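Fair warning: this is a prediction, and the values are worked out from it, not measured in the lab.
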Amino acid sequence: MSVPTKWDARYLGPVPHDTSYYAKCMLGGALACGFTHAGITPLDVAKCNMQVNPQKYSGTAASLKLLLKEEGSRGIWKGLGPTFVGYSLQGMFKYGLYEVFKDTYMNAAGPDISEKYKGAIWLAGSASAEVFADIALCPLEMTKVKIQTSPTGTFPIPFATALSEMNKLKVETRFPFGSLVPLWSRQIPYTMAKFFFFEKIAQLFYTHVFTNPKETYSKTTQLGITFASGYIAGVVCAIVSHPADSLVSLLGKAENKGKSVGTIAGEVGFATLATKGLSTRVVMIGTLTGFQWWIYDTFKSTMGMGTTGGK
């Protein structure tokens with residue numbers, strides 16, 4: 001990229017934000033989300049079953065113990081394949097397109113408005129990126145939830161077989177995009193909170209705690225700030241997006257076949273949607289988000305692109 005003669009957001013970081021930069025961000029996002037989501041599959045299985053069948057699955061530890069008793073170790077790793085592939089694709093678009101949209105919106109707004117309304121830029125960029133990320137994720141998420149919440153023996157567990165079965169059940173499951181609207185309602189607020197609070201918390205760290213220029217701190221220190229900012233942001237994300245997450249899980253329940261999102265929400269009640277499985281999800285998403293940002297920034301740092309966030 002040739003250096004522009006006027007202000008350009010793509011040149012504000014340590015390296016120019018060219019096509020190669022965005023491509024590397026997409027790869028970093030895929031690594032960050034795919035491996036972290038796959039690694040917490042047992043917690044996800046427990047959480048989904050607690051949401052769908054709270055009478056049987058009453059708590060995280062109890063649910064994992066029951067799943068192990070009834071289905072063995074295979075029972076707590078159900079849905080690993082679609083989880084890894086789906087969230088790798090989601091992370092690729094979430095992180096990569098966030099960088100694209102953030103630069104685009106900053107350039108459209110100009111330097112003064114971008115600085116004054118920095119938070120609005122973060123929110124708009126993350127929301128825009130998540131729209132596309134969820135389109136990529138939706139078919140895999142629907143398959144994952146169906147695998148994880150179906151009674152033993154009623155739905156195939158192997159990834160390819162499960163996808164094939166979902167395709168056969170298009171009318172019943174509304175595959176591949178039947179859960180897209182509730183997924184958007186869960187993931188867009190989640191991602192807006194994830195990126196806004198991460199950027200804001202990192203900014204506060206570099207403004208009030210680590211007050212020297214960012215580049216004077218070691219990569220270990222910068223990545224520690226990244227993890228702490230990501231973890232705190234993840235706790236907020238979990239609370240904001242939990243009701244919609246519960247709805248996504250309930251849509252995969254056989255008894256809810258053909259019911260609208262509004263009908264399911266009315267039957268279950270907002271209090272249950274907002275609280276059932278929340279403690280598990282807070283731990284899960286806090287840790288998950290912290291490690292996602294850490295992996296993403298470790299990758300960026302290794303590629304010579306610098307870490308995310310600052311004053």
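- Thr308 and Lys300 are linked by a side-chain donor-acceptor pair at a separation below 3.5 angstrom, with hydrogens and angles left out of the test.
- Under 3.5 Å, the side chains of Lys219 and Thr307 contain no donor-acceptor pair of N or O atoms.
- Residues Tyr231 and Ile285 do not share a hydrophobic cluster, clusters being chains of Ile/Leu/Val/Met/Phe/Trp/Tyr side chains in contact below 4.5 Å.
- Taking 4.5 Å as the limit, some side-chain heavy atom of Pro139 sits within range of a side-chain heavy atom of Phe175.
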Please evaluate residues Ser114 and Trp7 with respect to the criterion side chain to side chain contact (heavy atoms under 4.5 Å, CB included), reporting the C-alpha separation (whole Å), side-chain torsions for both, the decisive distance (0.1 Å), and the verdict. CA-CA 11 Å; Ser114 292; Trp7 183 87; 4.1 Å; yes

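- Minimum interatomic distance between His242 and Ala274 (heavy atoms only, all atoms of both residues): CD2-O, 3.4 Å.
- No side-chain heavy atom of Leu97 sits less than 4.5 Å from a side-chain heavy atom of Tyr22.
- Atom CZ of Phe177 has more than 12 heavy atoms from other residues, nucleotides or ligands within 6.0 Å.
- To the nearest 0.5 Å, atom CD1 of residue Ile147 and atom CG of residue Leu163 are 7.5 Å apart.
- Heavy-atom neighbours of Phe291 CZ from other residues, nucleotides or ligands within 6.0 Å: at or below the threshold of 12.
- A salt bridge between Lys56 and Glu70 is present, with a side-chain N of the basic residue lying under 4.0 Å from a carboxylate O of the acidic one.
- Here Phe299 pairs with nothing under the ring pair (Phe, Tyr, Trp, His ring centres under 6.0 Å) rule; sequence neighbours left out.
- When hydrophobic clusters are built by joining Ile, Leu, Val, Met, Phe, Trp and Tyr residues whose side-chain heavy atoms come closer than 4.5 Å, directly or via intermediates, Val268 is grouped together with Leu247.
- Each of His37, Lys144, Lys78 was checked for a side-chain hydrogen bond (donor to acceptor under 3.5 Å, both in side chains) with Asp44, and the lone residue meeting it is Lys144.
- Applying the 6.0 Å contact sphere to CZ of Phe132 captures no more than 12 heavy atoms from other residues, nucleotides or ligands.
- Here Ile113 sits in one hydrophobic cluster together with Tyr117; the rule is ILVMFWY side chains under 4.5 Å apart, joined directly or through other members.
- Aromatic ring centroids of Phe84 and Phe35 lie under 6.0 Å apart.
- Taking the six-membered ring for Trp and the full ring otherwise, Tyr95 and Tyr296 have centroids separated by under 6.0 Å.
- Across all their heavy atoms, Met142 and Pro176 have their closest contact at SD-O, 3.4 Å.
- Follow the hydrophobic side-chain contacts under 4.5 Å out from Val15 and you reach Met303 in the same cluster.
- Atom CH2 of Trp184 sits about 13.5 Å away from atom OG1 of Thr191, to the nearest 0.5 Å.
- Residues Tyr217 and Thr211 approach most closely at OH-N, 3.2 Å, considering heavy atoms.
- One finds a salt bridge joining Glu199 and Lys102 here, because a Lys/Arg side-chain nitrogen approaches an Asp/Glu carboxylate oxygen to under 4.0 Å.
- Between Lys116 and Asp112, the closest side-chain pair of non-hydrogen atoms is not below 4.5 Å.
- Using modelled atom types, no side-chain atom of Lys94 and backbone atom of Cys33 make a donor-acceptor pair closer than 3.5 Å.
- The CD1 atom of Ile264 sits 6.0 Å away from the CG atom of Leu250 when rounded to the nearest 0.5 Å.
- The side-chain heavy atoms of Lys200 and Lys118, taken from C-beta on, include no pair separated by under 4.5 Å.
- Cluster partners of Val45 are Met50, Tyr57, Leu64, Leu66, Leu67, Leu68, Ile76, Trp77, Leu80, counting Ile, Leu, Val, Met, Phe, Trp and Tyr whose side-chain heavy atoms approach within less than 4.5 Å, directly or via other members.
- Gln90 and Glu130 are linked by a side-chain donor-acceptor pair at a separation below 3.5 angstrom, with hydrogens and angles left out of the test.
- Side chains of Ser218 and Thr221: a donor-acceptor N/O pair is present below 3.5 angstrom, by distance only.
- In terms of modelled atom types and a separation under 3.5 Å, the side chain of Ser164 and the main chain of Ala160 share no donor-acceptor contact.
- Between the CG atom in Asp297 and the OG1 atom in Thr226 there is a gap of 4.0 Å [rounded to 0.5 Å].
- Side-chain atoms of Thr289 never come within 3.5 Å of backbone atoms of Gly286 as a donor-acceptor pair (strictly under, hydrogens ignored).
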Leu137 vs Leu89, test: side chain to side chain contact (heavy atoms under 4.5 Å, CB included). Steps then yes/no. CA-CA 6 Å; Leu137 170 64; Leu89 290 172; over 6 Å; no

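- The minimum heavy-atom distance linking Ala238 with Leu278 is given by the pair O-CD1, 4.0 Å.
- Of all the heavy atoms in Arg186 and Pro189, the pair that sits closest is O-CD, 3.7 Å.
- For Glu267 and Lys259, the salt-bridge test passes: some basic side-chain N is under 4.0 Å from an acidic carboxylate O.
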So Asp8 and His17, side chain to side chain contact (heavy atoms under 4.5 Å, CB included) or not? Walk me through it. CA-CA 10 Å; Asp8 191 325; His17 293 187; over 6 Å; no

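- Ring centroids of Trp293 and Phe198 are separated by less than 6.0 Å, placing the two rings close together.
- The hydrophobic clustering, which links ILVMFWY residues whose side-chain heavy atoms are closer than 4.5 Å, places Met166 and Leu140 together.
- Ile135 and Met192 fall within the same hydrophobic cluster, defined by Ile, Leu, Val, Met, Phe, Trp and Tyr side-chain heavy atoms under 4.5 Å apart, directly or through other members.
- In this structure, Thr154 contributes its side chain and Ser150 its backbone to no donor-acceptor pair below 3.5 Å.
- When all heavy atoms are compared, the tightest approach of Ala244 to Pro182 is CB-O, 4.0 Å.
- Note: Ser179 OG to Asp134 CG = 11.0 Å, rounded to the nearest 0.5 Å.
- Interatomic distance, Cys48 SG to Gln148 CD, rounded to the nearest 0.5 Å: 4.5 Å.
- Side chain to side chain, Asn212 and Tyr206 fail the donor-acceptor criterion of an N or O pair below 3.5 Å.
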List the steps and the verdict of side chain to side chain contact (heavy atoms under 4.5 Å, CB included) for Leu183 and Glu141. CA-CA 9 Å; Leu183 195 59; Glu141 177 74 0; 4.1 Å; yes

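- Checked for salt-bridge contact, Arg10 and Glu99 miss the test: no charged N lies under 4.0 Å from a carboxylate O.
- Counting non-hydrogen atoms of neighbouring residues, nucleotides and ligands closer than 6.0 angstrom, the CH2 atom of Trp294 reaches no more than 12 such neighbours.
- The side-chain heavy atoms of Thr298 and Ile295, taken from C-beta on, include no pair separated by under 4.5 Å.
- Using the six-membered ring where Trp is involved, Phe195 and Tyr98 have ring planes that are tilted, between 30° and 60° apart.
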